[in-house]
Amino acid sequence: MAFTAADVKALREKTGVGMMDCKKALVEADGDMDKAIDVLREKGLAASTKKAGRIAAEGVVLTYTDEDKNVSVMVEVNSETDFVAKNDKFTSYVRSVAKTIADTNPADVDALLATTLDGSDRTVQENLQDLVLSIGENMKIRRFERVESVAASYIHAGGAVGVLVLFDTDAETAKTDAFKVMGKDVAMQVAAMSPSYLDPASVPADVLAHEKEIMTAQLAEDPKMKGKPEQVLAKIVEGKIGKYYKENCLLEQAFVKDDKMNVQKYIDSVAKELGAEIKATSFIRYAKGEGLEKKEENFAAEIASMLK
């Protein structure tokens, strides 16, 4: 598989490794980007384990909770410019969409578009078309999640990142101020630290096996490890896996507001204070536009074509 200078640049942006090493890794990986990242990690050059898609499209992520029905929703609606995302008509429409999802539980985006919008006698799609015509910019409902559970939410930077954290606890506990503060803290942790999994048990076996392979290959490249017995190397890998959990699993992460404890211990401390059972069961994190490619504007070419 051939690769281009743009691929080398993309690999460099993803890993922070120098151009020449990126080029060599792509040669070794036969142009496969994921394999090239693994090659660089095995050589101890790339620290990054997350290949975040380029965050490109504008718009907003919004959450909505109906406490009486124990339902929470998170929705992402994209627009072409950040300017529109701050428009009152646009944000009001997104709020109505979230309430519609909470009330009607549509199966997917297509089903949602055909549903009557909350507070309107016309569909979500028809109202969206009206908005596109009045604002003069393309807009799209990209994705949503609807959950029936006690949930805490957090929206960062006016809709750039949205988080829902789901908890297993009783209704009375969920109404307390202490629980609400803790829930928001944990949701903020997810927004800031972007964990991949809830806890070690949630890490898929193939992901763990892959990480162990990378770690073993890194040790093989390390001159200080030459001639060390297998059982010593295995112990080192286990230690590294513990560190991997602390970085990638929410409940194992050091709590941002007090790094003397992890998130699990923070939740436990609030449960003890309230004399209640509280268990974090899962989380959902949306970053606006993640994985969407934004068209790159070439203003010189654009102006030249206008002049013609």
Side-chain angles (χ1 to χ4, degrees), residues 1-55 189-256 259-266 280-285 287 290-291:
M1 189 160 56
F3 63 88
T4 64
D7 293 329
V8 178
K9 182 170 177 273
L11 183 59
R12 181 167 189 258
E13 282 168 2
K14 283 180 176 176
T15 61
V17 176
M19 284 289 195
M20 283 315 293
D21 285 313
C22 285
K23 192 175 174 186
K24 281 180 199 161
L26 279 163
V27 169
E28 196 174 322
D30 199 23
D32 184 308
M33 186 68 74
D34 287 345
K35 275 190 195 157
I37 290 170
D38 282 350
V39 167
L40 291 172
R41 287 185 61 207
E42 283 166 11
K43 291 189 171 152
L45 294 170
S48 172
T49 61
K50 289 187 182 174
K51 305 180 282 287
R54 280 170 57 201
I55 295 179
Q189 173 96 18
V190 174
M193 303 309 291
S194 191
S196 303
Y197 309 102
L198 177 72
D199 55 14
S202 312
V203 182
D206 59 333
V207 171
L208 208 52
H210 181 68
E211 285 303 317
K212 283 182 178 174
E213 270 174 37
I214 298 270
M215 289 164 185
T216 306
Q218 283 173 344
L219 292 179
E221 292 272 336
D222 187 345
K224 290 186 208 140
M225 295 293 151
K226 289 276 183 281
K228 293 237 174 175
E230 281 299 312
Q231 61 265 38
V232 172
L233 294 175
K235 273 257 167 65
I236 294 169
V237 168
E238 282 311 310
K240 283 176 176 282
I241 287 293
K243 186 169 180 255
Y244 173 83
Y245 288 147
K246 283 178 184 168
E247 287 171 358
N248 294 279
C249 299
L250 170 64
L251 299 180
E252 296 287 315
Q253 286 181 341
F255 178 42
V256 169
D259 61 10
K260 291 185 189 71
M261 59 177 154
N262 64 19
V263 173
Q264 180 65 66
K265 287 204 169 76
Y266 171 55
T281 56
S282 64
F283 65 86
I284 306 152
R285 182 185 189 276
E290 63 193 335

Separation between [atom1] of [X] and [atom2] of [Y], rounded to the nearest 0.5 Å:
{"X": "L208", "Y": "Y245", "atom1": "CG", "atom2": "OH", "answer": "4.0 Å"}
{"X": "K24", "Y": "L40", "atom1": "NZ", "atom2": "CG", "answer": "11.0 Å"}
{"X": "N248", "Y": "D199", "atom1": "CG", "atom2": "CG", "answer": "12.5 Å"}
{"X": "E28", "Y": "E42", "atom1": "CD", "atom2": "CD", "answer": "8.0 Å"}
{"X": "Y197", "Y": "L250", "atom1": "OH", "atom2": "CG", "answer": "13.5 Å"}

Any heavy-atom pair between the side chains of [Y] and [X] that's under 4.5 Å?
{"X": "V207", "Y": "H210", "answer": "no"}
{"X": "Y244", "Y": "M215", "answer": "yes"}
{"X": "L233", "Y": "M225", "answer": "yes"}
{"X": "L198", "Y": "L251", "answer": "yes"}

I'd like a table of donor-acceptor pairs (distance under 3.5 Å, sequence neighbours excluded) in which one partner is a side-chain atom from residues 1-11, with atom names and distances.
residue : atom : partner : partner atom : Å
T4      : OG1  : A6      : N            : 3.3
T4      : OG1  : D7      : N            : 3.3
T4      : OG1  : D7      : OD2          : 3.4
D7      : OD2  : T4      : N            : 2.9
K9      : NZ   : E13     : OE2          : 3.1

**Asked** Short question: side chain of Q253, backbone of V263 - any donor-acceptor pair under 3.5 Å?
**Response**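 No; zero donor-acceptor contacts below 3.5 Å.
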**Prompt:** So, are E211 and R41 salt-bridged, with charged N and O less than 4.0 Å apart?
**Reply:** yes
**Prompt:** Is the closest basic N to carboxylate O distance between K243 and E247 below 4.0 Å?
**Reply:**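 Yes.
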**Complete:** When every non-hydrogen atom of E252 is compared with those of P200, the smallest separation belongs to CG-CD, 3.7 Å
**Minimum heavy-atom distance A36-A29, with the two atoms named** =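 Closest approach of A36 to A29, heavy atoms only: N-CB, 3.5 Å.
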**Item:** Where at least one partner belongs to residues 225-240, residue pairs that pass salt bridge (charged side-chain N to carboxylate O under 4.0 Å, His left out), sequence neighbours excluded
**Value:** K212-E238
**Prompt:** Among all residues two or more places apart in sequence or in another chain, which pass the side-chain contact (heavy atoms from CB on, under 4.5 Å) test with P223?
**Reply:** none
